[in-house]
Amino acid sequence: MRTAKGRFGIHGGQFIPETLMNAVIELETAYEYYRNDGGFNRELNTLLNAYANRPSGLYYAEKLTRALGGAKIYLKREDLNHTGSHKINNVLGQALLAKKMGKTRLIAETGAGQHGVACATAAALMDMDCVVFMGEEDTRRQALNVYRMRLLGATVIPVTSGTATLKDAVSEAMREWTSRIDDTHYCLGSVMGPHPFPTIVRDFQAVISREIKSQLLEREGRLPDVVIACVGGGSNAIGSFYHFIDDKTVRLIGCEAAGRGIDSLETAATINTGREGIFHGMKSYFCQDEYGQIAPVYSISAGLDYPGIGPEHAYLHDLGRAEYVPVTDEEAVNAFEFLSKTEGIIPAIESAHAVAHAIKIAPEMSRDRMIVITLSGRGDKDCAAIARYRGEDIHE
Ligand SMILES: *Cc1c(COP(=O)(O)O)cnc(C)c1O
């Protein structure tokens, strides 16, 4: 779906300072070489299979299907990957690429801490230094993940600028990369930022839809009718959609975090409430205030709490190829509890946004239809916050 030089329709591009140009050109050149290199791909596949536990299962959720009384529901189990989410797919790819480029140091941004933990993990495995930028507010909300990163040997730097959350961590990591590109690779965590990141991260996450397609063809002999995934920056969603984009019968649905509702100011639903703009090196849709400043965003889910969306999603939205629907905190929490009780699977609160939308549409579909929901991660990390949401303090 890529048009000229990292553009997706009018979106994407490279809106970066002169000082970063060399770094992105070096990265693009290396990626163009290694993406077609047999040795690189074999090494990455071995890591994904032996270390990250791929292929992840495609599980027929029979009890959920019966409870909803409509379409047959499959769950793509990215929650069973090493480190507990889809983030590891991208991180192993980028860390291996960085290593081939002769880099010895990984830097990363993180919100909830899942991407930071995945980076710290890959750095430990590959003997690299790792520095993770994390909004100070998030270091407090996600103290356990800060400990995990430090345990894995990474340095965590709390970012105090702006709202001290994910967008500020991205800005700080970009600043750091500008000042130190010789030995450092910026391991970006989603399909965002300047070209070539949206393409690189998409390619490393596309393993999700490649597996869904072959697993479902083997089980059911046909393609799904609907694929549903949650959207923060959009990496697990584009990974889930990618190999179905040309299959026009497959509906692709991205679930945005509506927070307290798209009519409130406490939301992170970018396509549903945002406007076109330029931020973090790319043109896309962003939540903005009346003056075009990036608006503060809110969601119960720290992993979806980002004011933008990857440029390829913005393009799929413009084309009408994918739909982007808002899901509130309350709907996501209900789905978190419902999936736990019906299937014995506790999803990440991010992934619960996708489950919530399936709960809305499955009953209206006939029983010969099929939905695949990507469970982007597991929910252990969220239990204390959801308990708090329900008015219970479990002293994490
Ligand atoms: C980070 C994260 C997300 C959001 O990121 P995307 O790039 O939109 O996939 C979703 N789910 C989980 C479990 C995450 O850790």
Side-chain angles (χ1 to χ4, degrees), residues 56 75-91 94 108-119 121 132 134 138 141-142 144-145 148-149 165-167 169-170 187-193 197-198 200-202 204-209 227-242 253-257 268-271 280 282 284 297 299-314 316 322 324 327 332 335-336 339 345-356 373-382 385:
S56 68
L75 304 175
K76 181 59 173 162
R77 300 292 307 273
E78 294 299 303
D79 58 316
L80 297 180
N81 297 341
H82 182 43
T83 72
S85 80
H86 68 293
K87 296 284 189 339
I88 196 79
N89 307 330
N90 166 46
V91 165
Q94 284 199 52
E109 83 292 344
T110 199
Q114 294 298 101
H115 177 59
V117 167
C119 278
T121 298
V132 180
M134 187 170 187
D138 291 333
R141 290 196 288 197
Q142 303 287 339
L144 180 62
N145 274 342
R148 287 168 82 196
M149 288 183 264
T165 56
L166 178 57
K167 80 165 177 22
V170 174
C187 186
L188 226 163
S190 192
V191 283
M192 43 153 296
F197 284 109
I200 292 181
V201 179
R202 190 256 338 259
F204 288 142
Q205 293 293 0
V207 64
I208 301 174
S209 51
V227 176
I228 307 181
C230 65
V231 180
S235 69
N236 89 88
I238 208 78
S240 305
F241 295 172
Y242 187 65
I253 305 179
C255 299
E256 300 194 313
T270 306
I271 294 271
H280 285 156
M282 60 177 172
S284 189
V297 286
S299 162
I300 191 170
S301 144
L304 303 182
D305 205 350
Y306 180 71
I309 187 167
E312 191 163 9
H313 285 294
L316 291 174
Y324 296 87
V327 174
F336 178 89
L339 188 66
I345 296 172
I346 303 173
I349 188 64
E350 291 82 8
S351 321
H353 286 70
V355 176
I373 308 170
T374 296
L375 283 193
S376 53
R378 64 173 186 238
D380 313 45
K381 67 180 178 58
D382 300 308

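Read the numbers this way: they start at 1 and go in the same order the structure lists the ligands and their atoms.
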Exercise. Count the heavy atoms belonging to other residues, nucleotides or ligands that lie under 6.0 Å from CD1 of Ile345, then report whether that count exceeds 12.
Key: yes
Self-check item: Nearest protein heavy atom with distance in Å, relative to atom 11 (N) of ligand 1
Solution: Ser376 OG, 2.7 Å
Quiz prompt | Nearest candidate to atom 10 (C) of ligand 1, where distance is taken over non-hydrogen atoms, out of Gln205, Lys381, Glu350 | solution = Glu350
Exercise. May I ask whether Ala112 places a heavy atom under 4.0 Å from ligand 1?
Key: no
Practice problem: Under the side chain to side chain contact (heavy atoms under 4.5 Å, CB included) rule, collect the residues that match up with Pro198, sequence neighbours excluded. | Solution: Phe8, Pro311
Self-check item: Enumerated ligand 1 atoms positioned under 4.0 Å from heavy atoms of Asn236
Solution: 6 (P), 9 (O), 10 (C)
Quiz item: Does Ala348, backbone or side chain, put an N or O under 3.5 Å from an N or O of ligand 1?
Solution: no
Quiz item: What protein heavy atom sits nearest atom 5 (O) of ligand 1, and how far off is it?
Solution: Lys87 NZ, 3.9 Å
Exercise. Compute the shortest N/O to N/O distance between Leu304 and ligand 1 and return yes if it is under 3.5 Å, no if not.
Key: no
Quiz item: Would Gly234 count as a contact of ligand 1 if the rule is a heavy atom under 4.0 Å away?
Solution: yes
Practice problem: Below 4.0 angstrom from a heavy atom of Ser190, which ligand 1 atoms are there? Numbered from 1 as shown, please. | Solution: 6 (P), 7 (O)
Quiz prompt | Ligand-residue contact atoms, ligand 1 with Gln114, heavy atoms, under 4.0 Å | solution = 15 (O)
Quiz item: Where's the contact between His86 and ligand 1, heavy-atom distance under 4.0 Å: side chain, backbone, both or neither?
Solution: side chain
Practice problem: Using a strict 4.0 Å cut-off to heavy atoms of Gly377, name the atoms of ligand 1 that fall inside it. | Solution: 13 (C)
Quiz prompt | Sub-4.0 Å atoms of ligand 1 with respect to non-hydrogen atoms of Gly232 | solution = 8 (O)
Quiz item: Between the main-chain N or O of Gly111 and the side-chain N or O of His115, is there a donor-acceptor pair closer than 3.5 Å?
Solution: no
Exercise. Could you list the atoms of ligand 1 found under 4.0 angstrom from a heavy atom of Ser235?
Key: 6 (P), 7 (O), 8 (O), 9 (O)
